[in-house]
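Contents: one structure, followed by commentary.
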Amino acid sequence: MMMVPPRTHVSYELKDDVAVIRLNDPTSKVNTLSVQMQAELTEVMGEVWSNGAVKSAVFISTKPGCFIAGADINMIQACKSSEEVTSLSREGQKMFEKIEKSPIPIVAAINGSCLGGGLEFAIACQYRVATKSRKTILGTPEVMLGLLPGAGGTQRLPKMVGLPGAFDMMLTGRNIRADKAKKMGLVHQLVDPLGPGLKPAEERTIEYLEEVAVGVAKGIANKKVSLTKEKGFMQKLQDTVMGLGPVRKQIYKTVSDKVQKQTKGLYPAPVKIIESIQAGVEQGGEAGYVAEATNFGKLAMTSESRALIGLYQGQVICKKNHYGTPEKEVKKLAILGAGLMGAGIAQVSVDKGLTTILKDTAVDGISRGEQQVYKGLNDKVKKKALTSFARDTILSNLSAQLDYSSFKSADMVIEAVFEDINIKHKVLKEVEAVIPPHCIFASNTSALPIKDIAAASKRPEKVIGMHYFSPVDKMQLLEIITTDKTSKDTTASAVSVGLKQGKIIIVVGDGPGFYTTRCLAPMLAEAVRVLQEGVGPKRLDALTTSFGFPVGAATLADEVGIDVAAHVAEDLGKAFGSRFGGGNVDVLKTMVEKGFKGRKSGKGCYIYGKGKKDKSVNPDAEEILKKYKLAAHPAISTDSDIQYRLVSRFVNEAVLCLQENILRNPVEGDIGAVFGLGFPPCLGGPFRFVDSFGAERLVGIMKRFEDIYGNQFTPCQLLLDHAKNPSKKFHK
Amino acid sequence: MVMPWALEMTLARPNVKNIVLVEGVRTPFLLSGTTYSDLMPHDLARAALQGLLHRTAIPKDVVDYIIYGTVIQEVKTSNVAREAALGAGFSDKIPSHTVTMACISSNQAMTSAVGLIAAGQCDAVVAGGVEFMSDVPIRHSRKMRKTMLSLNKAKTLGQRLSLLGSIRLAHLSPELPAVAEFSTSETMGHSADRLAAAFGVSRVEQDEFALRSHSLAKKAQDAGLLQDVISFKVPGRDIVSQDNGIRPSSMEQMAKLKPAFIKPHGTVTAANSSFLTDGASAVLIMSEEKALAMGYKPKAYLRDFVYVSQDPKDQLLLGPTYGTPKVLERAGLTMSDIDVFEFHEAFAGQIMANLKAMDSDWFAQTYMGRKSKVGTPPMDKFNLWGGSLSLGHPFGATGCRLVTTVAHRLQKEGGQYGLVAACAAGGQVSDTHPGGVFWLIVLLKNK
């Protein structure tokens, strides 16, 4: 007799004539469509379908906050060829087709994340009930991993939410909340999350969801609940319009053009998504399914997909605290300096329930800072992401003040004052006179070495760097800098605060420019040289964005601030010598003298109008560039050469940071570069870029530049090691 | 001389004044939009005050203070206590003010009265409550109001014309009183439905409780037990002398109704919720000394009270569960000592949820920091003359009805201790202040 292994992921029970099928992967925090899950599902469905007493079924997850979070990425990564992935996709399609054509109605009861394969599963069912919990999100995030919904999603979604809605969902990968999903027609019915009762709230909510779903399932089975919804006038109109071939053709074209414009052809997934949808709508189901599976297989083997998956996995790693639980949780945070950064840090802190003091030296300063925090939250109210009442409650966590009162109960102080070592020392001493012994002093500096700042401290083990990126509420990265003296508990505390603020965190060693600023500086130096050689800001921007940077180099300099760039270039130039040379720092300095400090002053490389996109090249800046004009070397001045001159310096510096142990590992290097500096996501970060581009090839290109410009292009030892031995990779 | 055991019996405390309920009355509670529909709130309040004057024959200048509770304020009579008192013929030397605290507004009026007497400020205070849902203030939109206010300040014809010209269709859409909690944007019925679901209260349980309320109310009405109701000659209409919302139905009839708030799977319906009601109530509260000196036979001691409040989102309607053990502890009593319970019935589901919460060790341990459950009141002592579900629920007036009913039931049933509990936060119509109020009343034994 053969022993049947007990089922661990899927169980079911009969409630009258309804089979309630419960999903729960005991080995993970989330449910995924893993091999095990799929096998058990198939088995259970077989039993349910063969049981004549069962008239309907309900799928529900018993895992809090998660229905099914998606397919199992490892399963796709384990595949060696696109054919293998295509056949995985075909299997998925077949499984969901069976569910779609089920002889008994199946209701998906959704609480928590219902993403990717999970959503494809749900939309194969005949009916969907979802909780209105904040954790309930539906979406097709595959595009963000360089993939497409490969289990029928590209075929079912257009029928369900219409062509425009389906394009929007699949091309942006955006998360959709339950109430929006209901409006779009993605779910049929909503259930309110419950508060405390006779059981923990979420447990009871899931139970309630099940009760409602079972009721609906019975209703469908005995024809009391109809599956076809009466279409409204607008829906009928849209259907009619979409029924016209030329209209659809125009939509495909518009969407393709938009995709081409936004991706610059660097991301293959959106193109394949459009192709797959088009195949299904125009040539019918079977062609559509084949196109979807084939394209899915092709995409899985692209370097872009690997890069994006790498970033996703890296981001998961960088959202964990690897330094343990801090001895004392930070509950009260004080921020010095209510400027753009200080107020930004305050906004992401009060938001998460931290009691926050925002201190500045002038009334104007705190007034502006408080307004920034208010505006940040109120914008969310306008978008209905927050109620005005919640906004007010959140703001009650903020206290804006001019003195050091109540700093005696602060657990952490983050300074965001002007980047001048003397001012930093002054505030450090003032703060240390009033804070309790356990309080941590963090510096939000972008370039000053933390050990220099800590030199003025009585307790250097409590001093750490927390480098935020502007605008703080939008940029996800936080670079934490530790010195030799920083204690592990201080690090743990800083990471824990950063995580609470919703940041992706890299922890790096101390040194001029740490990691991110240090990588950016040589690239900006090169950008200045390129400008001096007569490449205008617009062309420079076009060259960088077409390489995959979301923001062009000239625009980036304006955003960062020309004064900041000049400051950094000078400081790091002193620290690293001629290797950080290239463009003439005086170009930046002259611009600053003339008041061209970038976007914040209205003029930089560009002149900024009122509108967001309203900008033109600043002729006065061009004048300055002419004054410092350099002759371009024809041998290394093609478009591609310029791109590699910029990128190779960035990448080489990143690898050097790893070599010098500023970076602990390539993962954090990639995450820092992409999330903090906008390194092309399709390349996955400097380290993944070296792996996929080939170290040898990169070294070859750099040598050509080195011949002309010297040590600025000398590959570092670690890069040379990788070039010599192609089996050496930063990422396994 | 007072014997120590007598003190114990009446829960009197040394050096604390004995405060008594002398009398309590109310107008009949009517479905809004019926016989009262052409009145204004102060008309109803005045009727209650006149009824109280008539019942007690108290001289119109003996009262030291008048307090009224109300929820939806008529802007023309925002201090409705004063308007009603003057109209009822009370001396214009008696100060009066109006309080608001959602469904427990008149409870707040009564406890304020108790406070004034305990503090030695007053000896006789009239407290009451009024609600008038047949007419509610509907405002112009904020845009329109802004334009109209600017129009007041405009100096030239040109300025006025340009302001008038700025009026768009959107300006004209009116602003109804908020139908939801301000803080959570959730309507009361919606909250009650979620609460019922959280405690697993079924539709049948709710319908049964609502049916019980209507049947008991009908019985009490027929037996003439609702002595607090006064007759009221409505101008231009007939004399009204009975509540008109009491309608015992059948379980089958009730089962036919569709859910009113959460569709399609909710359990709260029009039949198991309290309805929009017009009505007013009034009570006379005095120090025992003064009452006796004036020759009154007080109905009950008002002995202690507790206000509690919770999270407005998920525990909005759970006040009674939190308040009951607190007030019992303060008085040194247990659940079994209480002879008469009057709980405010906003929704059958809310009452049932509270009863389940009180019966749950897990809830008591997890949310209340108690070792064991609060315990539930026995149903044979609970709301025996009907409740808000059947008698009606004029938000601001219900508190006084509950207190007067306890006093009357104690007399009728011969009990010793009575207990009132009510949860607050607007009804179907607006209000803030989530919280529950809680009261303890001790009977004064007839001499």
Side-chain angles (χ1 to χ4, degrees), chain A residues 18 58 107 109 111 127-134 178-179 182 187-220 224-227 229-230 381 384-396, chain B residues 178 180-187 189-203 258-259 261-268 310-318 321-322 349-350 352-368 373-374 376 432-434:
Chain A
V18 184
V58 168
V107 176
N111 176 56
Y127 198 92
R128 283 159 295 287
V129 187
T131 65
K132 276 195 256 179
S133 156
R134 289 175 61 86
D179 41 2
K182 170 98 190 319
V187 301
H188 298 80
Q189 192 172 329
L190 297 179
V191 168
D192 286 279
L194 301 179
L198 300 176
K199 283 178 186 171
E202 183 150 20
E203 191 183 324
R204 175 63 195 139
T205 299
I206 293 174
E207 215 177 74
Y208 178 50
L209 171 66
E210 184 181 306
E211 289 165 15
V212 172
V214 165
V216 170
K218 283 182 185 168
I220 301 172
K224 278 192 183 140
V225 174
S226 160
L227 287 175
K229 213 179 104 188
E230 189 63 30
V381 173
K384 301 215 166 131
L386 199 68
T387 65
S388 63
F389 193 82
R391 173 200 66 203
D392 298 345
T393 315
I394 291 170
L395 277 172
S396 71
Chain B
E181 256 326 86
F182 179 71
S183 59
T184 58
S185 314
E186 187 178 24
T187 63
H190 201 277
S191 185
D193 206 321
R194 286 199 309 118
L195 184 74
F199 284 92
V201 180
S202 70
R203 166 77 182 266
K258 287 202 168 142
F261 302 97
I262 294 184
K263 293 160 190 169
H265 54 269
T267 51
V268 172
Q310 302 89 31
D311 155 32
K313 173 80 181 156
D314 289 326
Q315 305 204 14
L316 185 57
L317 301 165
L318 284 176
T321 304
Y322 284 89
Q350 159 258 329
M352 298 307 290
N354 270 289
L355 295 179
K356 294 201 179 201
M358 292 167 110
D359 196 32
S360 162
D361 284 327
W362 186 85
F363 186 87
Q365 286 155 4
T366 313
Y367 294 103
M368 300 175 68
K373 63 187 179 188
V374 175
T376 45
T432 61
H433 273 287

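Basis for what follows: all heavy atoms, side chains included, without hydrogens, waters or symmetry-related copies. Just so we're on the same page: letters track the sequence lines, and every chain starts at 1.
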How long is the span from the NZ atom in A:K199 to the OG1 atom in B:T366, to the nearest 0.5 Å?
13.0 Å
If you tally heavy-atom pairs under 4.5 Å between each of B:A197, B:A357, B:S360 and chain A, the highest tally belongs to B:A197
Once the angle between the rings of A:H188 and A:Y127 is folded into 0 to 90°, is it parallel (under 30°), tilted (30 to 60°) or perpendicular (over 60°)?
parallel
Is it the backbone or the side chain of A:P193 that comes under 4.5 Å from a heavy atom of chain B, or both, or neither?
backbone
Would you call B:K373 and B:D361 a salt bridge, using N to O less than 4.0 angstrom?
no
Could you check whether any side-chain N or O of B:D193 sits under 3.5 Å from a backbone N or O of B:G189, counting only pairs where one atom can act as donor and the other as acceptor?
no
Got A:V107 and A:V18 here, is their nearest side-chain heavy-atom distance under 4.5 Å?
no
B:Y367 portion near chain A, given a 4.5 angstrom heavy-atom threshold
side chain
So what's closer than 4.5 Å to chain B heavy atoms on A:Q189: side chain, backbone, both or neither?
side chain
Counting only non-hydrogen atoms closer than 4.5 Å, does A:V191 touch chain B with its backbone (N, CA, C, O), its side chain (CB onward), both, or neither?
both
